Amino acid sequence: MQKYNHKTIEKKWQKVWSDECLYETSNESSGKENFYFLSEFPYPSGNLHVGHWYAFAVPDIFVRFKRMQGFHVLFPIGFDAFGLPAENAAIKHGVNPREWTEKNIAYMTGQIESMGGSFDWSRKVITCQPEYYRWTQWLFLQLFQAGLVYRKEISVNWCPSCKTVLANEQVVSGECERCNSVVEKRNMKQWSVKITDYADRLIDDLESLEWPEEIKTAQRNWIGRSEGSEVDFVIFGFSEKITVFTTRPDTLFGVTYVVLAPEHPLVSVLTNRVKNSDVVRNYVAQAIVQKDIDRLSDGREKTGVLFEGVVAVNPANGEEVPIFVADYVLGSYGTGAVMAVPAHDERDYAFAKKYDLPVRQVVDGGDVSQSAWTGSGVLVNSGSFDGMTTDDAKKKIIDHVGGRISKKYRLRDWTVSRQRYWGVPIPLVYCESCAIQVQDESTGVNNGEAINPGWFAVSDDQLPVLLPEIDDFRPSDDGKSPLSKSAEFVEAMCPRCGGRALRETDTLDTFVCSSWYFLRYCDPKNARQFASSEALSSWMPVDFYSGGSEHTTMHVLYSRFFHKALFDLGLVSESEPYVRRMNRGMILGTDGQKMSKSKGNVLDPDKIVAELGADTMRLYLAFIGPYNEVGSYPWSTEGIIGMRRFLERVWRLFEKVSNVTPDDSTMVLLHRSIEKVAQDITALKFNTAVSQIMVFLNHLEKSGDVSRGVYEQFLLLLSPFAPHMSEELWHMLGNDDFIHVQLWPVHDESLLRSQNVEIVVQINGRVRDKILCSSDASEEDVRLLVFASSRVLQYVGDKDVRKFIYVPRRLVNIVV
RNA sequence: GCCGCGGUGGCGGAAUUGGUAGACGCGCUGGACUCAAAAUCCAGUGGUAGCAAUAUCAUGAGAGUUCGAGUCUCUCCCGCGGCACCA
């Protein structure tokens, strides 16, 4: 028998499977249940890393198993090909982003093929191709026409290094998520999508999903729903009112001042009418310019300025209280104004102490002489509400002051326009002359046109709006998109009046592209629709979505929103796209650190595959730890050798295959293994599945010749993990069909149940003996056996048996 | 600060969900084969005591519930992740 040569075997079968189209999946199937397994599609960065293997080769085990169980499985792959990194790399190397991306896709495709995965390549989706982004544009326009997209001057996150706007989700503690530059604030006109309209449903619908709690919580935190109420404070002598948002209306009698955020619209109104206008103006000016990273920095002392000469009136007791502007109140949250209750809020307490403002306790239960008391209790100093609990008082005081119940969210609308070249052109045009008319008579226009006067969707027959080939695609500091430099691109015809219109020159955030790719996989070649409803109903919703935790509050949240919006438009038929979502763990370098070029601990999967083979690599990644937990697993160069050894032993075992009849213990272990491996794969615990296969091999090696039938069954169990070797050995046994189209073996339950069981005998909770008895032995049978044991008698002696606990088929505990 | 997840040998990790703690793999120790090495095979491998059978301690710390706790409850410590001047 030849030595195990992974190179020839792996190459050979990859070609055969591909030539035979073994893994191409039709939308229709007869008598099989459909199953859609999705793994986040890769970004064509240029090179595959071990993380890609972990993302695709390990789920392939699950997918192959599902197929053997008789499911019709969709396991697609594609590339998330638009976006900043490709463009930055292209700029750096002086090449065109398209060429750069295409080259990377071609190279990485070959690398992915070396995994021996059972992807349906015929469904490949590449987001930067017009056949795909035509539908990204079309879907975006559906949202536009539904009034979910608006253009508005807003304060945006500007990355000075990437030279583009970032969504809130792309800013991590004041820095650009991608390049770590400090993000600046700029006021710019941007296209945003109303994800906040869906905030409640995005939270509430989490209930129905089979997702790990940590993902649900992270999304809830991100959306940050807070239930409270709005209360109006009249400004003495002014017509304007200050509306505050509070979750503690029960403390209204403890208000000793009111604060406006520097961005609050009333600030400028008041500034002009107070004695210290200059001081206020200076304060506001410096506060607004500050970067978030400074403004939010830890332990920062609170600052603010009093509006001299104006007062607000507390609606609860008619008391006049001073008004401040202070940057500890955020313009972007709530109403941008708060009522300050120093006695019962830590921030207000700190501010009050600094500016020597009164602290008035209105809830009994804590000492407010040193710090704020934020707990609940009984009201004091609150007029007729004294003696009520904080809970009761909330509603009553809201009624008393005419407040409104109100919910606020941390979530901001999703800014989707980017001032960069390598993205989907936003398919909208602007017509100045129509802008005025649309505002006058808004009938006959869709919601998008009504809320964005002068802006029109490019008509269906004009899609896609192609991304033009231009020479200078570099971004600029002034916030103008590179596309605006192409005069040819900018010129368009107004779909309403037929006159001259201008194209939008910003491109879409790549997260828009990836918000619906799983729908396209269902029907990737459809030229008339983004996907047919038949194709969608075959596969959607996604049964299992595997990805990385970094996308919890970005891609996963965006795509849930996008899907819900499409659901409301009747374009898809379920409101949630993913039944199960899982965050996989991370493979660390051999030093236990996250792999990075700067640390020099990056592993090259190509080298490992060349040296040890794809099957070894797959097995090791399966074995390294439980797949369904967000653990981080350090790579071990010695550990993977163990997997290679195991495969070589499987290979050598072939020589012991003969026509012997397997003994009982072998048959029992075979069936136990069939059962356990199936259970473990189902639960994504590939590590223990591999372990069971190893236990089985250890047994077979020790027990003389191996029956051909048993060896075949062994190979079936191994085939999802090591598809190439098991296919080769399968054929060496004389089979001429593929191992990967075989059915998963069925374990013989009655065989397993008929076996004798070992029962642990404890005395006072300590293991003292073990006895063997038939699995259907009665408690009385067991009792007789136990008390026949000399060891038991030795321990029990002449003491009274106070308790005899019997756990069937498991253990006995005798309490003396 | 709030929320979520976790803490088990030298290492990655098992543990039938309240029932033999440490499966499986790595590493390590000893042996076989070899002139030798590698590879392979065999045996051992949580601590302590013992030649051994065995006893005893042990799942971050401490308490509790239970015949029985890695698993449940409470208090605390540590690590990872999310949110954070969010009113």
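Just so we're clear, the structure is a prediction, and the values are computed from it rather than from any experiment. Numbers restart at 1 for each chain; the letters A, B, ... are given by sequence-line order, proteins then strands.
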Among residues at least two apart in sequence or on other chains, which ones pass side-chain hydrogen bond (donor to acceptor under 3.5 Å, both in side chains) with Asn813(A)?
none
Selection: residues 691-702 of chain A, any non-hydrogen atom under 4.0 Å of RNA chain B:
Ser691(A), Met694(A), Val695(A), Asn698(A)
More than 12 foreign heavy atoms under 6.0 Å from NZ of Lys216(A): is that the case here?
yes
Once each nucleotide of nucleotides 1-7 of chain B is scored for protein heavy atoms under 4.0 Å, what B/S/- sequence comes out, 5' to 3'?
--SS---
Using atom names, set out every protein N or O paired with an N or O of nucleotides 77-80 of chain B below 3.5 Å, distance rounded to 0.1 Å.
none

Which residue pairs satisfy the salt bridge (Lys or Arg N to Asp or Glu O under 4.0 Å) criterion with at least one member in residues 619-639 of chain A, sequence neighbours excluded?
none
Please identify each residue that fulfils ring-ring contact (aromatic ring centres under 6.0 Å, His included) with Trp211(A), with sequence neighbours left out.
none
Across all chains, not counting sequence neighbours, the ring-ring contact (aromatic ring centres under 6.0 Å, His included) partners of Tyr257(A) are Phe324(A), Phe351(A)
Does Asn687(A) make a side-chain N or O approach to OP1 or OP2 of rC24(B) shorter than 4.0 Å?
no
Toss me the dot-bracket line for RNA chain B: Watson-Crick and G-U wobble, both under 3.5 Å, 5' to 3', using | for pairs to another strand and [ ] for crossers.
(((((((..(((......[....)))((((((.......))))))((((....))))..(((((..]....))))))))))))....
Between P of rG12(B) and CE of Met586(A), the distance in whole Å
15 Å
Sorted by chain and residue number, the ring-ring contact (aromatic ring centres under 6.0 Å, His included) partners of Trp53(A) (sequence neighbours excluded) come out as none
Reckon Arg645(A) has a side-chain N or O less than 4.0 Å from the OP1 or OP2 of rC26(B)?
yes
Counting only side-chain nitrogens and oxygens, does Arg652(A) get under 4.0 Å of the OP1 or OP2 atom of rU40(B)?
no
Short heteroatom pairs, N/O only, protein and nucleotides 57-60 of chain B, under 3.5 Å:
| from | atom 1 | to | atom 2 | distance (Å) |
| --- | --- | --- | --- | --- |
| rC57(B) | OP2 | Arg766(A) | NH1 | 3.4 |
| rC57(B) | OP2 | Arg766(A) | NH2 | 2.7 |

With Gln219(A), which residues qualify under side-chain hydrogen bond (donor to acceptor under 3.5 Å, both in side chains), at least two apart?
Arg560(A)
With a 4.0 Å cutoff (strictly under), does any side-chain N or O of Tyr620(A) reach OP1 or OP2 of rG25(B)?
no
Could you list all the salt bridge (Lys or Arg N to Asp or Glu O under 4.0 Å) pairs where at least one residue sits in residues 678-687 of chain A, not counting sequence neighbours?
Lys676(A)-Asp680(A)
